[in-house]
Chemist: 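Would you mind keeping the following structure in view while I ask a few things?
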Protein chains: 2
Amino acid sequence: MPTLQDVSRRAGVSTATVSKVLSNTPYFTEETRRKVMEAVRELGYVPNLAARALAAGKTHIIAVVFPYVYEPIFSDPLTLRILGGIESVITQRGYNMLLSTPRLSPSGPDEHYRQLVLSGYLDGLIAIDNVPEASVIEDARAKNLPTVVIGYDVRDGDYWVRSDDFSGGEQIMTHILGLGHRQIGLITVPENMNMALEHRIEGLRAVAQAHGLDFDSLPRANGDFSTESGAACAADLLTRHPEISALICLNDRMAMGAIQQARLMGRRVPQDLSVTGYDDIPAASSFAPPLTTIDQRAPESGQVAARMLFDILEGATPEPTVLPVHFVLRETTAPPTPDFRPSMPTNRSESREEEPPA
Amino acid sequence: MPTLQDVSRRAGVSTATVSKVLSNTPYFTEETRRKVMEAVRELGYVPNLAARALAAGKTHIIAVVFPYVYEPIFSDPLTLRILGGIESVITQRGYNMLLSTPRLSPSGPDEHYRQLVLSGYLDGLIAIDNVPEASVIEDARAKNLPTVVIGYDVRDGDYWVRSDDFSGGEQIMTHILGLGHRQIGLITVPENMNMALEHRIEGLRAVAQAHGLDFDSLPRANGDFSTESGAACAADLLTRHPEISALICLNDRMAMGAIQQARLMGRRVPQDLSVTGYDDIPAASSFAPPLTTIDQRAPESGQVAARMLFDILEGATPEPTVLPVHFVLRETTAPPTPDFRPSMPTNRSESREEEPPA
DNA sequence: GGACGATAGTTAATCGCTTAACTATCGCCA
DNA sequence: TGGCGATAGTTAAGCGATTAACTATCGTCC
């Protein structure tokens, strides 16, 4: 591979001049540029990025960090769409994207990841961080590496972008309540697992209580994001509380599992049971029936995060961003039918569910 | 950030010795190692990867290349699972994964990608290459960069791994024929778009012809991998050829679209119409009804590719690999019912479809 | 005409690490 | 005892760029 020096010799100038021409630093003539460019072409010169990184202290590599927590990112359509959004911006700016999926333990991310962050190999970092414990950006913060977090685990001074989960929860509950449902079941995930989901729950709660509903006494079961767990939760909930006329699920996959399970138990959706999801994954619209859900605009959040990062790299100090969510009305919700409306007006007498089904 | 020199001073040895200890190159005492390691710990030293890359000529970065062709990879669950497989091996070996998605044009991949490949930033490359034109590995080949291709666009001497698409096609057709179907519709993609799919078609053809069926005269429509296009193709096919009792789709998403469309047209699946997919994406098993399909073991192919790459890096010359596929019998296929069996035994009189629906 | 600022290009130090070549020491054996 | 090979560690030369500091040239303005 030809080096800068080869080019400089061939063009009959110094390496400094070649470097200037290539990086468009002032003070060279058109004639010089021509000679240099021609030498570059003739030799097929391509700059050595490692050398450039060492000398200039810039690697043009942005790490995108998806911690390996509850499940592999590679099966979660949502994080993937975020990734797509990030990729589009990074590529467009001529940067490269290093995908890192550190394993998390209570003592923090794995050693290999920590070395990467501290190694000077990275110009910036974008991390998904919704998990309360074990922050993935501590080292980056300590090293002053430009970092944008997508999610909630931030502290003062951090740059972040997040989806308006609270509003998403509000919109769902408003819709369900507006339809006339009062016997509502919740399919959630264990507490302290994901802060985004907890904000959705807070949104649900706010609206429920504004309507005089005792949110904490609503039947509730915890899944683990998967379709299967959604089915299991639905089985549990519908068995113990046959009066339920609407099921609010905190993500689409659990909603889809719940619908299948409900059908197995003889409930038609939406006639006998309304179900809502969250995320609007690709499968949601082609599901039968198409799922009423919340569109988080995941690709957009990736793009916004990437743009914020480049702002920081250029010396600006971008504002943290909360992205609006969009309610997607499809066909899994309907007003409750009298058959499934029990005689008592609320479910105050019901016991509360906390544990997930086996 | 402390450097190697800082460590060497603190430990009271030369930088060469520190380097040796850290890379475990022979000839130092246990005592020396202790001193060095202690200095490393005290200073919080982390090697600078750019400097290491420049000096040693190894970056510990593997590029994973998913060309942007017919659609963004970020919505294709299949390539994503391959990515997951690759990631697991790369991470485990302590390498980093650079995700590159070059834009392809008839003149080749974009310039930024070419620079990356030639820049010396990469220790190896894994590429998905099923698109006939515009190879993504030409530069890598020219530069002698260790490369493994997942797919078909290879030439002699290349390392590759691919799924046994031909056998997959055979198994699908054998199953459908064994069920008794003879009025078979095909939902495919345009020719020269994806070589893997063409091999599946060859597998289908081989078995069909062995059974005396004129494969080329089977009704056929071309989609573009998407659910929507599957629905459109199904609408087209079932309208023109109502006698069709089985629909073979070359991927799951098109199959799912086809099933929804068939249902809209009053066909029950599988009673009135059998449908098969290909890929076994996550949604396939939770679809209603669960989809009969082919499992390609995508994560495995990613793992195999990554392992092959490390073999090459270690000086070995691994054998190209064809991975077996697995037929997944679920609930979208059944024997044809007499109602939908037309009087003529074959469809020799039918015209052939080539164009996709608008 | 001389001084000065802008322009064009060069020299050489530097980034932080690896490694070939070299020196020094030690044990062992003929 | 001398010599040799193995062991332990050092010196210093790169790797291939960037860039600060410097020199040289030229036009302009008083």
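All chains are named by letter (A, B, ...) in the order of the sequence lines, taking the proteins before the strands, and each is independently numbered beginning at 1. These values consider heavy atoms only, across backbone and side chains, with no hydrogens, waters or symmetry-generated copies. As the structure is a computational prediction, the values presented were derived from the model and not from experiment.
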Chemist: Once you round to the nearest 0.5 Å, how far does OG1 of A:T79 lie from CD1 of A:I128?
Modeler: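 Spacing of OG1 (A:T79) from CD1 (A:I128) equals 7.0 Å.
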
Chemist: Roughly how many Å is it from NZ in B:K35 to P in D:dA8, rounded to a whole number?
Modeler: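 Interatomic distance, NZ of B:K35 to P of D:dA8: 13 Å.
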
Chemist: Could you check how far CD of A:Q115 sits from P of C:dC17, rounded to whole Å?
Modeler: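 It is 12 Å, rounded to the nearest whole Å.
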
Chemist: Hey, does the side chain of A:Y27 come within less than 4.0 Å of C:dT7's phosphate (OP1/OP2), counting only N and O?
Modeler: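 It does, given that an N or O in the side chain of A:Y27 lies less than 4.0 Å from OP1 or OP2 of C:dT7.
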
Chemist: Checking all strands, does A:S14 fall into the base, sugar-phosphate, or nothing category for heavy-atom contacts under 4.0 angstrom?
Modeler: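 Touches a base.
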
Chemist: Using side-chain contact (heavy atoms from CB on, under 4.5 Å) as the criterion, point out the one residue from A:D311, A:T147, A:I126, A:T317 that pairs with A:Y159.
Modeler: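 Only one option passes, and that is A:T317.
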
Chemist: Starting at atom CE of B:M1, determine the distance to atom P of C:dC15, rounded to an integer number of angstrom.
Modeler: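 So the two atoms are 16 Å apart, to the nearest Å.
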
Chemist: Along nucleotides 18-23 of chain C, 5' to 3', which nucleotides get a B, which get an S, and which get a -, given that the test is a protein heavy-atom distance under 4.0 Å?
Modeler: BB----

Chemist: Find out whether B:R162 and B:I150 are in side-chain contact, i.e. whether some heavy atom of one side chain is under 4.5 Å from a heavy atom of the other.
Modeler: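 No, their side chains stay 4.5 Å or more apart.
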
Chemist: Parallel, tilted or perpendicular: which one describes the rings of B:F310 and B:Y95, with boundaries at 30° and 60°?
Modeler: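 Perpendicular: the ring planes of B:F310 and B:Y95 meet at over 60°.
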
Chemist: Taking OH from B:Y121 and P from D:dC15, how many angstroms apart are they, rounded to a whole number?
Modeler: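 Rounded to whole Å, this separation is 19 Å.
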
Chemist: Output the rounded distance in Å from CD (B:Q5) to C1' (C:dC15).
Modeler: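 From B:Q5 CD to C:dC15 C1': 12 Å.
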
Chemist: Students often get this wrong, so: under 4.0 angstrom with heavy atoms, is B:F28 touching a base, only sugar-phosphate, or nothing?
Modeler: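 The answer is sugar-phosphate, as B:F28 gets under 4.0 Å only of primed atoms, P, OP1 or OP2.
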
Chemist: Judged by each residue's nearest nucleotide on DNA chain C, which is more toward the 5′ side, B:P2 or A:T29?
Modeler: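 Of the two residues, A:T29 wins.
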
Chemist: How many Å lie between CG on A:L118 and P on C:dG16, as a whole number?
Modeler: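 Checked: the CG to P distance equals 15 Å.
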
